Structure formats: structure tokens, C-alpha cells
Amino acid sequence: MLQNGGHSTGMNRDNIYALPRNKVGDFAFDEEVVRVFPDMIARSVPGYASILSMIEQLGRRFIQPQSRVYDLGCSLGAATLLLRGQAPTSCELIAVDSSPAMVARLKETLGGSTSEGCRIEVHEADIRDFPVERASFVVLNFTLQFVPAEDRQVLLRRIYDGLLPQGGLLLSEKICAKEAEQQALLTDLHHDFKRAHGYSDLEISQKRTAIENRLIPETLNSHTSRLEEVGFPLIVPWFQCFNFASILAVKTLENIE
Ligand code: GEK
């Protein structure tokens, strides 16, 4: 189910914000969200399924034998489960999320799975404190946006330092535009996407209120500049659908002192 990128058939439907609320609290990755998460992300993030399938392809390219592969902010492990198929048994696949509910569900999924492959470790931890070492491929698929803006640079520098030569970082984010008019159009297009996938105007508006203090988007340019500042010599924005984008950053050999 997760391996097809969270296609919305046959999974619990997200109707968390379907009824009017007197007060909409801050969004949390709790049990209620875990129950509907694959449906929620598939119907909320344009391009999510395409990005996941490219993560699998990129894993094939970047994962090196005897290295570590990290899925930071793994949620229910959609990327982890795909990358497992790409990693030789000499690798360690490390999935990290700060939400106890997400981690518990991923452990359950992995416990019930029979598929063989490399060792997978699942950690309930804040990625801001989690060590990254000997990494050939690091995935931050829509996670950095939830990390306080002032902590993003330090985190990315630690990831850069923990990557092996020729290692890759995949960074997907909700982004914003510099110009107000562009931003308004992107927001409209995103809301059209959500409507087309069955969300009502009430659901869209209540979810927006819930998430606006938790998810802080930046421009594509801010992301690429920061990646450059932390040391990545090769940065390629490779995907954008409305206000959702994905960037590949590579630590090439030339950059190693
Ligand atoms: C996917 N990557 O399906 N430390 C650890 N985890 C965190 C932190 C943090 N500081 N902040 C947020 N999270 C997944 C989707 S969802 C994206 C990622 C979304 C976790 C949070 O608990 C949640 O599980 C995840 O990051 C973000 O490919 O819901 O839009």
C-alpha cells in the first residue's frame, strides 16, 4: 500500500478537518493523523507519488555498499520501504521520526514484513540531534519544512559532513514564491488540486489554519543558496509541481579536502 506512494485506494480516508471546529489547534503527527496519513499526503502534496518513485531510482544510483542510508522524518516509511529494495545487505537503512505514533506504526509494518534486505533501524528522535555518519544517500522528503528555520543550516551542514564522497541528499519541500502575485497563484493551484482530490473548502481552510505555524516554507532560491553555503558543490532542483519542489544535492569527490 505504501510502496505505491500512498495511492488513495483502499486506505483510511482523511476527514480530520471535515467538520467545523470552534478552535483549530496546531497540527500534530498523532494517532489520528497516522491512521489516515497515506491518503492525506497523496491528496495534499502534488507530485508525492512521482517523487517517491524517483527516490527509489536515486537510491539505485547513490547507495554505496557498506554505507548508511537515512530517511529523516520518515513518517510511515514510504521512502524507507522503497530504498530497502535498492540497498545491498551490507548497508544500514536508518529511519528517524520524532512522532511516537509514526514510529510505532512503522515498526509494526516492518515487524510484519517478511521481505529480506539490509538492516533497518527505526529511531524516535529529533533529526536536529541525530548523528549522520558514513551516509551515501540521505532523504529529507517534506521534513525540513517542519524544522524551525533557524536550525536548518546547522542540520544541513551536519548532513553534508556525514555524507561520503559522491553521496547524495534528496530534499523535497513545500516552497513559497518571492512575489505576492506568484504566491497567490501557486496557493490557488494547490487548493484546486486539493479540491479535485475531494477536500472541501472547509477542510482546506481548517487544515491551513492548523498547519501554518508548524510548516514554514521558504523559496526555492533560499534552499539552493543554503545548500551551497553548507558546502554542496552540485545542486539540482529536479522537480516542481505548483508550490512543491524537490532538490538533489551531491557531495562530489572534487569537494573533499
Ligand atoms: C514521506 N518523509 O512519506 N525530527 C524528526 N522528525 C520530524 C521533525 C524533527 N525535528 N519534524 C517533523 N518531523 C515522509 C513524509 S511528513 C510530511 C514526511 C508531511 C516528522 C513528522 O513527525 C512527520 O512524520 C514528518 O517529519 C513530515 O516520504 O506530513 O507533510
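Since we're looking at a predicted model, the values are computed, not measured. Order of appearance sets the numbers: ligands from 1, and atoms from 1 within every ligand.
Scanning for side chain to side chain donor-acceptor pair (under 3.5 Å) contacts around T80 gives D71, with sequence neighbours left out.
Using a 3.5 Å distance cut-off with no hydrogens or angles, the side chains of T219 and S222 do pair a donor with an acceptor. Looking only at atom types and distance, the side chain of N141 has a donor-acceptor partner in the side chain of S172 under 3.5 Å away.
Note on residues 55-105: pairs passing ring-ring contact (aromatic ring centres under 6.0 Å, His included), not counting sequence neighbours, are F62-F137. Screening residues 45-61 for salt bridge (Lys or Arg N to Asp or Glu O under 4.0 Å), with sequence neighbours left out, gives no hits.
Between D201 and the options H191, Q206, R195, K194, a side-chain hydrogen bond (donor to acceptor under 3.5 Å, both in side chains) holds for only R195.
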Can you pull every nitrogen or oxygen pair between ligand 1 and the protein closer than 3.5 angstrom?
residue: ligand 1; atom: 2 (N); partner: G73; partner atom: O; Å: 2.7
residue: ligand 1; atom: 2 (N); partner: N141; partner atom: O; Å: 2.9
residue: ligand 1; atom: 3 (O); partner: Y48; partner atom: OH; Å: 2.6
residue: ligand 1; atom: 4 (N); partner: I127; partner atom: N; Å: 2.9
residue: ligand 1; atom: 6 (N); partner: S98; partner atom: N; Å: 3.1
residue: ligand 1; atom: 6 (N); partner: S98; partner atom: OG; Å: 3.2
residue: ligand 1; atom: 10 (N); partner: D126; partner atom: OD1; Å: 2.9
residue: ligand 1; atom: 22 (O); partner: D97; partner atom: OD1; Å: 2.6
residue: ligand 1; atom: 24 (O); partner: S75; partner atom: OG; Å: 2.8
residue: ligand 1; atom: 24 (O); partner: D97; partner atom: OD1; Å: 3.3
residue: ligand 1; atom: 24 (O); partner: D97; partner atom: OD2; Å: 2.7
residue: ligand 1; atom: 28 (O); partner: N141; partner atom: ND2; Å: 2.9

